[in-house]
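What follows is a short report on a single structure.
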Amino acid sequence: MIKILLAEDDAVMREYLTRALEKSGYSVSAVDRGTAALPLLEQEAFDLLLTDIVMPEMDGIELAQKASELVPNLRVMFITGFAAVTLKAGSAMPQARVLSKPFHLRDLVLEVDRLFNVEALNELN
C-alpha cells in the first residue's frame with residue numbers, strides 16, 4: 001500500500017484530504033506542521049510527502065528539502081493557495097508537483113494516482 005505523509009496546518013483541510021486519500025486506498029499519516037513531519041520521516045517509510053507550503057514553524061518548501069535529504073527518492077507534492085508561493089516551490093523543488101487551492105478532492109486523488117501510475121498497477125494485479 002502506498003504511504004502518504006500529509007503536513008497541513010488547517011485541521012478541516014487535513015481531515016478532508018486524509019479521508020479522500022484513504023477512501024482511494026492510500027495509507028495516510030497526517031500532521032499539523034512540518035516540524036512534526038520530520039520525526040515520522042526518520043521512523044517510517046513513506047512514498048509521498050503531501051504538504052501545504054504556508055505553515056507555521058517550518059514551511060512546506062523547507063520541509064520538502066529536509067525530507068529529500070532524509071529520503072532521497074521521496075516524491076513531493078505541494079498544495080497552496082498562493083500563486084507567488086507556487087513559483088517559489090517550483091524553483092526550489094523542480095521535480096515536485098504543485099496543486100493550487102481551491103481544488104476538488106477528486107483532482108487531488110487523480111494527481112496522486114498519476115504520480116504512482118495507479119491504473120497501471122491495478123492492471124498488473
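Every residue meeting the side chain to side chain donor-acceptor pair (under 3.5 Å) condition with E111, not counting sequence neighbours, appears here in chain and number order: R97, R114.
At a threshold of 4.5 Å between non-hydrogen side-chain atoms, the residues F116 and D47 count as touching. For the pair I61/I53, a side-chain contact is recorded, criterion being any heavy-atom separation below 4.5 Å from C-beta on. Counting only heavy atoms from C-beta outward, the side chains of V109 and D113 approach each other to under 4.5 Å. Proximity of L74 to F46: side-chain heavy atoms (C-beta onward) are separated by under 4.5 Å at one or more points.
Of the candidates V112, V98, T51, L49, M77 forms a side chain to side chain contact (heavy atoms under 4.5 Å, CB included) with just one, namely V112.
The salt bridge (charged side-chain N to carboxylate O under 4.0 Å, His left out) pairs that include a residue from residues 65-79 are E62-K66, where partners are two or more places apart or lie in different chains. Sorted pairs that involve residues 20-31 and meet salt bridge (charged side-chain N to carboxylate O under 4.0 Å, His left out), not counting sequence neighbours, are lacking altogether.
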* Which is it for V54 and D59 under the side-chain contact (heavy atoms from CB on, under 4.5 Å) test, yes or no, and what are the steps along the way? -> CA-CA 5 Å; V54 179; D59 69 29; over 6 Å; no

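Between the CG atom of L105 and the OG atom of S24 there is a distance of 9.0 Å, given to the nearest 0.5 Å. In this structure, L21 CG and L50 CG are separated by 6.5 Å, a value rounded to the nearest 0.5 Å.
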Side chains of residues 2-18: which donor-acceptor pairs under 3.5 Å do they make with residues two or more places apart or in other chains?
unit_1: K3; atom_1: NZ; unit_2: E44; atom_2: OE1; d: 3.0
unit_1: E8; atom_1: OE2; unit_2: D10; atom_2: N; d: 2.9
unit_1: D10; atom_1: OD1; unit_2: V12; atom_2: N; d: 3.1
unit_1: D10; atom_1: OD1; unit_2: M13; atom_2: N; d: 2.7
unit_1: R14; atom_1: NH1; unit_2: E8; atom_2: O; d: 2.6
unit_1: E15; atom_1: OE2; unit_2: R19; atom_2: NE; d: 3.1
unit_1: T18; atom_1: OG1; unit_2: R14; atom_2: O; d: 2.8

Donor-acceptor contacts, no H, no angles, side chain residues 30-42, under 3.5 Å, sequence neighbours left out:
unit_1: R33; atom_1: NE; unit_2: T35; atom_2: OG1; d: 3.4
unit_1: R33; atom_1: NE; unit_2: E57; atom_2: OE1; d: 3.3
unit_1: T35; atom_1: OG1; unit_2: E57; atom_2: OE1; d: 2.4

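Of all the heavy atoms in M1 and S27, the pair that sits closest is SD-CB, 3.4 Å.
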